[in-house]
Amino acid sequence: MGCRVSNRPAGRVGQVKEVTSLANPLVKDIRALALKKYRDQQGAFLAEGLKLVVDALDLGWSIRTLILAKSSLGNAVAEKAAARTVAAGGTVLEVSERVLGAIARRDNPQMVAGVFEQRWTALRDVRPAGGDVWVALDRVRDPGNLGTVIRTADAVGAKGVILVGDTTDPYSFETVRATMGSIFAVPVARATQAEFLEWRKRFVGQVVGTHLKGAVDYRSIDYAGRPVVLLMGNEQQGLPDALAECCDTLARIPQAGRADSLNLAVATGVMLFEIRRSALSLSPEAGR
Ligand code: SAM
């Protein structure tokens with residue numbers, strides 16, 4: 001392959017290793033990232049797919065390990081990603097497809113994966129301004145929902161996601177997969193309910209909560225002029241009173257039929273696109 005340790009200048013350079021055994025300690029460490037305990041310990045997570053890895057490198061994420069299936073050797077984009085990894089001081093593992101499948105924990109894995117350092121935005125640094133939109137999720141449990149919300153927040157141009165209370169991990173394999181790469185584009189902050197409520201006192205924008213008993217039709221709210229925090233409730237229990245009471249408005253999405261509620265990620269998407277629509281109707285040039 002194109003990058004070898006010996007070809008690199010001295011200093012902060014990584015290494016290229018060939019690995020075929022599942023017993024290899026490097027592979028064991030990466031496989032352990034399937035568990036939250038080890039992700040927390042290592043402050044790292046796994047993302048699969050060449051495009052995703054390249055996007056992450058372009059966005060300045062720190063890569064620790066690039067894992068390449070032998071069959072991807074000779075692919076110019078993969079080779080360039082390997083060279084960037086080595087130059088950044090990371091390790092490149094050339095592995096068999098069996099090892100890659102064991103790392104990704106699935107059959108037919110992607111040919112490339114990367115281990116990246118986790119990034120968290122401190123709540124005190126979340127300072128929405130102008131027309132910024134942030135999404136706050138109360139105790140989101142389902143990794144697919146969280147990943148879909150992060151992806152949708154990215155698609156709508158929201159500035160980030162605040163995880164409130166005990167939530168599923170945005171860096172789990174399932175969540176990262178469901179974000180389809182948006183995990184690298186959307187800042188994520190976390191807070192206890194008490195921390196969020198404290199932060200809310202200093203937030204001068206509008207907090208719009210969503211609630212099945214919300215008094216206001218979501219289409220009749222004026223979202224313009226101030227930053228918006230869209231607050232969504234837990235999948236089973238909805239918003240607890242303490243969070244509902246901190247909202248300026250409780251919005252309801254009118255429904256027909258027998259379903260008693262919308263899926264969390266669907267409701268978030270409906271709300272975000274309505275917020276975006278109302279902002280764009282004021283400044284059409286802001287849209288694409
Ligand atoms: N059983 C829960 C309850 O009583 O609230 C249902 C929660 S629902 C699956 C998850 C979240 O999606 C809700 O807390 C709310 O934030 C949002 N949501 C779902 N359907 C909604 C609707 N029709 N109007 C407003 N928010 C909705």
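Counting convention: from 1, in listed order, for ligands and their atoms alike. Along the sequence shown, residues carry numbers from 1.
Contacts between N234 and ligand 1, counted as non-hydrogen atom pairs separated by less than 4.0 Å, involve the backbone only. Contact annotation: for Q255 versus ligand 1, heavy atoms closer than 4.0 Å belong to the side chain alone.
Counted by atom type alone, Q237 and R139 present one or more donor-acceptor pairs between their side chains at under 3.5 Å.
Relative to atom 22 (C) of ligand 1, the option among L212, D260, D138 with the closest non-hydrogen atom is L212. Distances from atom 5 (O) of ligand 1 to the heavy atoms of P240, G238, G233 put G238 nearest.
Of the possible donor and acceptor atoms, none in the side chain of R151 sits under 3.5 Å from a partner among the backbone N and O of T179. Listed for the T175 side chain is no donor-acceptor partner under 3.5 Å among the backbone atoms of Y171. Side-chain atoms of E195 come within 3.5 Å of backbone atoms of T192 as a donor-acceptor pair (strictly under, hydrogens ignored). Put simply, the side chain of E235 gets close to the backbone of D142: a donor and an acceptor are under 3.5 Å apart.
The shortest N or O to N or O distance between R252 and ligand 1 is not under 3.5 Å. Taking distance alone, with nitrogen or oxygen atoms compared against 3.5 Å, L262 approaches ligand 1 more closely than that limit. By the 3.5 Å distance cut-off applied to N or O atoms, I253 is counted among the residues near ligand 1. Polar contact with ligand 1: absent for E235 (N/O pair, distance under 3.5 Å).
In plain terms, the two heavy atoms of M111 and S71 that are nearest each other are SD-OG, 3.0 Å.
When ring centroids are compared, W61 and F116 stay outside the 6.0 Å threshold.
Nearest protein neighbour of atom 18 (N) of ligand 1, counting heavy atoms only, is A267 CB, 3.6 Å. Scanning all protein heavy atoms for the shortest distance to atom 15 (C) of ligand 1 gives T210 OG1, 3.4 Å. Regarding atom 2 (C) of ligand 1, its nearest protein heavy-atom neighbour is Q236 O, 3.3 Å.
Under a 4.0 Å criterion applied to the non-hydrogen atoms of A251, ligand 1 contributes the atoms 25 (C). Each of the following atoms of ligand 1 lies closer than 4.0 Å to a heavy atom of M232: 16 (O), 17 (C).
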F45/F184 under ring-ring contact (aromatic ring centres under 6.0 Å, His included): CA gap, chis, key distance, verdict: CA-CA 12 Å; F45 68 105; F184 295 112; 5.7 Å; yes
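A salt bridge between D58 and R84 is present, with a side-chain N of the basic residue lying under 4.0 Å from a carboxylate O of the acidic one.
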